[in-house]
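Some notes on the structure that comes next.
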Amino acid sequence: MKLSALLPLAAAVILGSGLKAEACSRVLYVGNDSLRIVGRSLDWKTPIPTNLYVYPRGMAKEGNSIPGSVKWISKYGAIYAVSYDGGVTEGMNEKGLVVNGLFCKGTVYVNDSTMSRPPMSLAMFPAWILDMCADTPEAVALLSKHDFNISGATFDGGTVSALHWGITDARGRSAIVEFDHGTIRIYEGQDIPVLTNDPTYPQMTAINDYWVKKGGTHTLPGTVSSPDRFVRASFFDQNVEKTGEADLGFSIVRSILMNVSVPYTYTVKGEGNVSSTQWRSFANIRDLRYYFDVVTNPGAFYIDLNKCDLRKGAPVMKVDVSKSTGYVGEVNRHLFKTAPFTPMY
């Protein structure tokens, strides 16, 4: 794995004293016959309403409402998970590129050199990558241009969106993107298996290396802390059966994520980095299936991106997750035309 310490990246986020963070986990399952599935859990103290949007290619977009913000026309169609109908949490595009945003409370986007660059809201940042990049090298190249300035609105009573990102493409080329006092640091590798929250990715891998040497068959850390979840996810991901069958692969990675999820309604008082799992997603890169698993629903469902109309001029489509209690399996029939979501700049 190589570390690319890129130029400083901009932001205009004021970090409040009441910073709290989600306890999220991301796992990449690599099976046979090019099967790759990126699973992630989203954990928070209260439910985060999240709907699924399918956007066609060829749409004009902007990164912020501030004059001079980043503007682009999407090259690729994509499915977005949009929280509060206002911000893209993650997604997968038609080329199989997957972007997942997870909380990392040590994140600082801004320094003195970053303030004059074109604005880019966190609400649109993952969509920008998915819209413009076919693979991880293109995403790294886009970020390394350093011609944007990230900012983000607070939510849920003043919570700051302090994030880091996992990026994975159809060939398993991966990148972990973190912000260190205005500097973007990108850690590249093949099939990077796990990402959780803080500490930073290099520190987390050092912790995991300790547990790898101990061996995991008879001893694994068992709490819901970020390092413990990282270690357990890494061990199981490396020791489960490899399959090329999509449904079985989904079941395998889903079981890993359940092992590192936080039980519903469980919280740790005074620890903002631990909250109960609200939903899990699974992006089957090979087959372009995007699964969604709400923990209060009886079953999981998926959108088949192959069957979506992603041509320029096609309508934006949506699945209303609040109505998904009975959804199981493919739900393309439940997609309906909708206006684009309004970003929470």
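Worth knowing before you read on, the calculation uses all heavy atoms, side chains too, and leaves out hydrogens, waters and symmetry mates.
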Next item on the list: Quick one: list whatever passes side-chain contact (heavy atoms from CB on, under 4.5 Å) with Gln203, sequence neighbours left out.
Entry: Pro199, Thr200

Item checked: Option from Thr196, Asn197, Asp43 for which side-chain hydrogen bond (donor to acceptor under 3.5 Å, both in side chains) with Arg229 holds -> Asn197

Notebook entry, point to check: Taking atom CZ of Arg286 as the centre, does the number of heavy atoms from other residues, nucleotides or ligands within less than 6.0 Å exceed 12?
Noted result: yes

Note to self: Under the criterion side chain to side chain contact (heavy atoms under 4.5 Å, CB included), I'd like the reasoning laid out for Ile176 against Glu178: C-alpha separation, chi angles, the key distance, then a yes or no.
What the structure shows: CA-CA 7 Å; Ile176 306 300; Glu178 298 185 331; 4.2 Å; yes

Next item on the list: Not counting sequence neighbours, which residues clear side-chain contact (heavy atoms from CB on, under 4.5 Å) with Pro340? List them please.
Entry: Tyr55, Met59, Val316

Next item on the list: Using atom types as modelled and distance alone, determine if a side-chain donor or acceptor of Asn93 lies under 3.5 Å from a backbone N or O of Gly77.
Entry: no

Check: Between Asn297 (side chain) and Gly299 (backbone), is there a donor-acceptor pair under 3.5 Å?
Finding: no

Item checked: ILVMFWY clustering at 4.5 Å (side-chain atoms), partners of Val295 -> Tyr264

Notebook entry, point to check: Taking C-beta and beyond as the side chain, do Pro118 and Asn149 meet within less than 4.5 Å on heavy atoms?
Noted result: no

Margin query: Counting neighbours of NZ on Lys242 that are heavy atoms of other residues, nucleotides or ligands and sit closer than 6.0 Å, is the number greater than 12?
Written below: yes

Checklist line | Residues, nucleotides or ligands: over 12 heavy atoms within 6.0 Å of Asp112 CG | finding: no

Next item on the list: Could I get the full list of salt bridge (charged side-chain N to carboxylate O under 4.0 Å, His left out) partners for Glu94, not counting sequence neighbours?
Entry: Arg57

Next item on the list: Give a yes or no on whether a salt bridge exists between Arg173 and Asp135, defined as a side-chain N under 4.0 angstrom from a carboxylate O.
Entry: yes

Next item on the list: Please report the shortest heavy-atom distance between Cys133 and Glu138, naming the atom on each side.
Entry: CA-OE1, 3.5 Å

Next item on the list: Compare every heavy atom of Met204 with every heavy atom of Ser226, then report the nearest pair and how far apart it is.
Entry: OG-CE, 3.2 Å

Next item on the list: Name all residues meeting the side chain to side chain donor-acceptor pair (under 3.5 Å) criterion together with Ser322; count only those two or more places apart in sequence or in a different chain, and write none if there are none.
Entry: Asp320

Next item on the list: Apply salt bridge (Lys or Arg N to Asp or Glu O under 4.0 Å) to Asp147 and Lys145, showing your working.
Entry: CA-CA 5 Å; Asp147 55 359; Lys145 292 178 182 178; 5.7 Å; no

Margin query: Tell me the closest heavy-atom pair linking Tyr109 and Ile150, and the distance in Å.
Written below: CD2-CG2, 4.1 Å

Which pairs of donor and acceptor atoms, one on a side chain in residues 331-338, lie under 3.5 Å apart (sequence neighbours left out)?
| from | atom 1 | to | atom 2 | distance (Å) |
| --- | --- | --- | --- | --- |
| Asn332 | OD1 | Asp304 | N | 2.9 |
| Asn332 | ND2 | Asp304 | O | 3.0 |
| Arg333 | NH1 | Glu330 | O | 2.7 |
| His334 | ND1 | Tyr327 | OH | 3.4 |

Next item on the list: With sequence neighbours left out, write down each residue that passes side-chain contact (heavy atoms from CB on, under 4.5 Å) with Ser121, or none if nothing qualifies.
Entry: Asn64, Ala123, Tyr345

Next item on the list: Report, as yes or no, whether the 6.0 Å neighbourhood of atom NZ on Lys71 holds more than 12 heavy atoms from other residues, nucleotides or ligands.
Entry: yes

Next item on the list: Answer yes if the side chains of Ser83 and Thr50 hold a donor-acceptor pair under 3.5 Å, and no otherwise.
Entry: yes

Check: Can you get from Met124 to Tyr76 by hopping between Ile, Leu, Val, Met, Phe, Trp and Tyr side chains that sit under 4.5 Å apart?
Finding: no

Next item on the list: Would you tell me whether Thr168 and Arg26 have side-chain atoms, one donor and one acceptor, within less than 3.5 Å of each other?
Entry: yes

Next item on the list: Using distance alone, with no hydrogens and no angle criterion, decide if Asn100 and Trp165 have a side-chain donor and acceptor under 3.5 Å apart.
Entry: no

Next item on the list: Indicate, with yes or no, if Ile66 and Phe125 share a hydrophobic cluster defined by side-chain heavy-atom contacts under 4.5 Å among Ile, Leu, Val, Met, Phe, Trp and Tyr.
Entry: no

Notebook entry, point to check: Does NZ belonging to Lys61 count more than 12 external heavy atoms closer than 6.0 Å?
Noted result: yes

Check: Which atoms form the tightest heavy-atom contact between Val319 and Phe301, and what is the distance?
Finding: CG1-CE1, 4.3 Å

Next item on the list: Show your working on side chain to side chain contact (heavy atoms under 4.5 Å, CB included) between Met120 and Trp128 and close with a plain yes or no.
Entry: CA-CA 9 Å; Met120 167 61 72; Trp128 181 48; 3.5 Å; yes

Check: Considering residues at least two apart in sequence or located in another chain, which fulfil the side chain to side chain donor-acceptor pair (under 3.5 Å) criterion with Asp191?
Finding: Arg36

Check: With distance as the sole test, does Thr277 use its side chain to make a donor-acceptor pair with the main-chain N or O of Val262 at under 3.5 Å?
Finding: yes

Checklist line | Linked hydrophobic residues, Met258 as query - side chain contacts closer than 4.5 Å | finding: none

Item checked: Under the side chain to side chain donor-acceptor pair (under 3.5 Å) test, residues paired with Arg280 that sit two or more places apart -> Ser261, Asp293

Next item on the list: Check which hydrophobic residues are tied to Tyr210 through side-chain heavy-atom contacts below 4.5 Å, counting indirect links as well, and list them.
Entry: Val27, Tyr29, Leu35, Ile37, Ile207, Trp211, Leu220, Val231, Phe235, Phe236, Val240, Leu248, Phe250, Ile252, Val253, Ile256, Leu257, Val260, Phe282, Tyr291, Tyr302

Next item on the list: Give a yes or no on whether the backbone of Phe230 and the side-chain of Ser234 come within a donor-acceptor separation of less than 3.5 Å.
Entry: yes

Checklist line | Trace of the side chain to side chain contact (heavy atoms under 4.5 Å, CB included) decision for Val82 with Leu52 | finding: CA-CA 6 Å; Val82 182; Leu52 306 183; over 6 Å; no

Next item on the list: Can you sort out the partners of Lys318 under side chain to side chain donor-acceptor pair (under 3.5 Å), two or more places apart, ordered by chain and number?
Entry: Tyr53, Asp85

Next item on the list: Answer with yes or no whether the side chains of Glu90 and Ser281 bring together a donor and an acceptor at under 3.5 Å.
Entry: yes

Note to self: Before you tell me yes or no, could you show the steps for Val54 and Tyr80 under side chain to side chain contact (heavy atoms under 4.5 Å, CB included), namely the whole-Å CA-CA distance, both residues' side-chain angles and the distance that decides it to 0.1 Å?
What the structure shows: CA-CA 6 Å; Val54 176; Tyr80 309 142; over 6 Å; no

Notebook entry, point to check: Should the pair Asp287-Arg289 be classified as a salt bridge under the 4.0 Å nitrogen-to-oxygen rule?
Noted result: no

